[in-house]
Amino acid sequence: MASLSQSINVDETLITPSFSSGQVNYPAHGNSPLLLMRRADIVLDKALVHRQRHELYAEGLDEQHLRKLMLIRDLQGAVDNGELWMAYQPKVDTRTQQVCQFEALMRWRHPRLGFVPPDEFIELAERSGNIDLLSRWMLSHVCHQLHVWQCKGYHLSVAINLSASDVVDATLPHRISQLLSQNNLTPDQLAIEVTESAVMEDVDAATQTLIALNQRCLKVAIDDYGTGYSSLAQIKRLPIDELKIDKSFVMQLDTQEGDQTIVRSTIEMGHNLGLKIVAEGVENSASAERLSQFGCDYLQGYWIAKPMPGDEVITWLDNFTPLAFSRTTPPYHRHENTD
Ligand code: G
Ligand code: G
Ligand code: MN
């Protein structure tokens, strides 16, 4: 490992190779070449995904691998058989204390495995080249939902999450425009959330798509801000409107001074660059109050509401009272039903 990691000088440029390895032991991990090779592949894949140099095969990896294969195989069925649905989580404007938008989050109940967390199946869909399938379903589903709400007299706005391969798809802006007009929606009713790492995978192509979305008057937010490696200076070159501070900096904001420093300075710098700031993961009134003092524009989190099914949104909105950030009990407390 040490010698393979040594830098190589190529035309005065130092190149540092990276590599991953998976280890199986004979006979502990199998007594045939075929089984050993298959398990070596499985453990190598794990090393690659986690960007580890070395992984040793362990009990249970076969089962994890089988689950992954099964989930990838069943993605198409999830779309065709109506196993997917969208949950909606509100964002509140700190100034007006009113709900300004909902974020759409995908959910999957597998017929045999039950609830599969989005972190798990979204990543698998991305890696297996199936994310387009889910994104197309999600887009038309969300637009239809907005149309249904509209028919009931509610002009709402929803932010959708995009993956790296969505954001480099040059046909996306046109498809979004078509869906908006087919459902009689205006561009302020749809917004985009995308992580900095998704954008940085192919910055040029992603920038083109984001510019095209901006020209169509859709707002774009950088999601999970603070967990990637890019600086605000890099991010500012992108055509974006909002920064969404990652929940890891927000969840313990009421007690962690370090988090307060990071969040306060991010809000300041973001504002200086003309960006609006959203904080996600607001779990209590003390954090909400802090964020409001720091000048954060929008709040989202369990303290306001957990993600809820589309057909509960209107009832929830009708019962929502503008938040007083000094209150001590959550205004809306329910457990998201994931079973
Ligand atoms: O909803 P939480 O419910 O667990 O979502 C976990 C992760 O999955 C988040 O990072 C979120 O951005 C991502 N996610 C949820 N729904 C979608 C979706 O429709 N498309 C994409 N690309 N990611 C999603
Ligand atoms: O990465 P993205 O921001 O799209 O992910 C949103 C995720 O955060 C979803 O999984 C959602 O369920 C979760 N989430 C939303 N609000 C809170 C919160 O207040 N606390 C925690 N722990 N998670 C939250
Ligand atoms: Mn998001």
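Note that ligands are numbered from 1 as they come in the structure, with each ligand's atoms numbered from 1 the same way. Computed from a prediction, not measured in an experiment: that's the story for all the values here.
Here's the thing with Asp224: one of its N/O atoms is less than 3.5 angstrom from an N/O atom of ligand 2. Residue-to-ligand polar distances keep Asp166 apart from ligand 1: every N/O pair is separated by 3.5 Å or more. Of the polar atoms of Glu193, none of the N or O atoms is found under 3.5 Å from an N or O of ligand 2, judged by distance alone.
In this structure, the side chain of Glu193 does not engage the main chain of Ile160 through any donor-acceptor pair within 3.5 Å. At distances below 3.5 Å, not a single donor-acceptor pair connects side-chain atoms of Asp45 with backbone N or O atoms of Ile42. In this structure a side-chain-to-backbone donor-acceptor pair under 3.5 Å is present from Glu280 to Lys247. Remark: side-chain polar atoms of Glu201 are not paired, donor with acceptor, to backbone N or O of Ala198 under 3.5 angstrom. With hydrogens and angles disregarded, a donor-acceptor distance shorter than 3.5 Å links the side chain of Asp246 to the backbone of Ser248.
No other N/O/S atom of Glu193 lies as close to the Mn ion (ligand 3) as OE1 does. Take the N/O/S atoms of Glu103: the one nearest the Mn ion (ligand 3) is OE2.
Residue contacts with ligand 1, taken as heavy atom pairs separated by less than 4.0 Å, involve Arg107 solely via side-chain atoms from C-beta onward. Contacts with ligand 1 closer than 4.0 Å are made by heavy atoms of both the backbone and the side chain of Leu105. The proximity of Met251 to ligand 2, defined as any non-hydrogen pair under 4.0 Å, is limited to the side chain. The proximity of Asp246 to ligand 2, defined as any non-hydrogen pair under 4.0 Å, does not occur for either the backbone or the side chain. Contact annotation for Asp119 and ligand 2: no heavy atom of the residue comes within less than 4.0 Å of the ligand. Within the 4.0 Å heavy-atom criterion, the part of Asp223 lying near ligand 2 is the side chain and not the backbone.
Defined by atom type and a distance below 3.5 Å, a donor-acceptor pair is missing between the side-chain atoms of Ser163 and Ser165. Checking His65 against Asp41 by side-chain atom types alone, no donor-acceptor pair falls below 3.5 Å. Checked by atom type, the side-chain pair Gln234/Glu196 shows no donor-acceptor distance below 3.5 Å. Between the side chains of Thr171 and Asp169, at least one donor N or O lies within less than 3.5 Å of an accepting N or O.
Counting the atoms of ligand 1 from 1 in the order shown, those under 4.0 Å from a heavy atom of Met138 are 19 (O). Within ligand 2, the atoms closer than 4.0 Å to a non-hydrogen atom of Val282 are 19 (O), numbered from 1 in the order shown. If you number the atoms of ligand 2 from 1 as listed, the ones under 4.0 Å from a heavy atom of Glu280 come out as 2 (P), 3 (O). Within ligand 2, the atoms closer than 4.0 Å to a non-hydrogen atom of Pro307 are 12 (O), numbered from 1 in the order shown. Interface of Glu103 with ligand 2, defined as ligand atoms under 4.0 Å from a residue heavy atom, comprises 4 (O). Residue Gly301 has at least one heavy-atom neighbour below 4.0 Å for each of these atoms of ligand 2: 16 (N), 19 (O).
Rounded to 10°, the angle formed at the Mn ion (ligand 3) by OD2 of Asp223 and OD1 of Asn161 is 80°.
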Q: List the steps and the verdict of salt bridge (charged side-chain N to carboxylate O under 4.0 Å, His left out) for Asp62 and Arg39.
A: CA-CA 8 Å; Asp62 284 14; Arg39 289 184 163 164; 2.8 Å; yes
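Between Trp108 and His110, the ring planes are tilted. Angles from 30° to 60° get that label. Below 30°, between 30° and 60°, or above 60°: for Phe102 and Tyr88 the angle between ring planes is above 60°, a perpendicular geometry.
Not a single heavy atom of Gln300 lies less than 4.0 angstrom from ligand 2.
With atom 5 (O) of ligand 1 as the reference point, the heavy atom nearest to it among Pro117, Ala104, Pro118 is part of Pro118.
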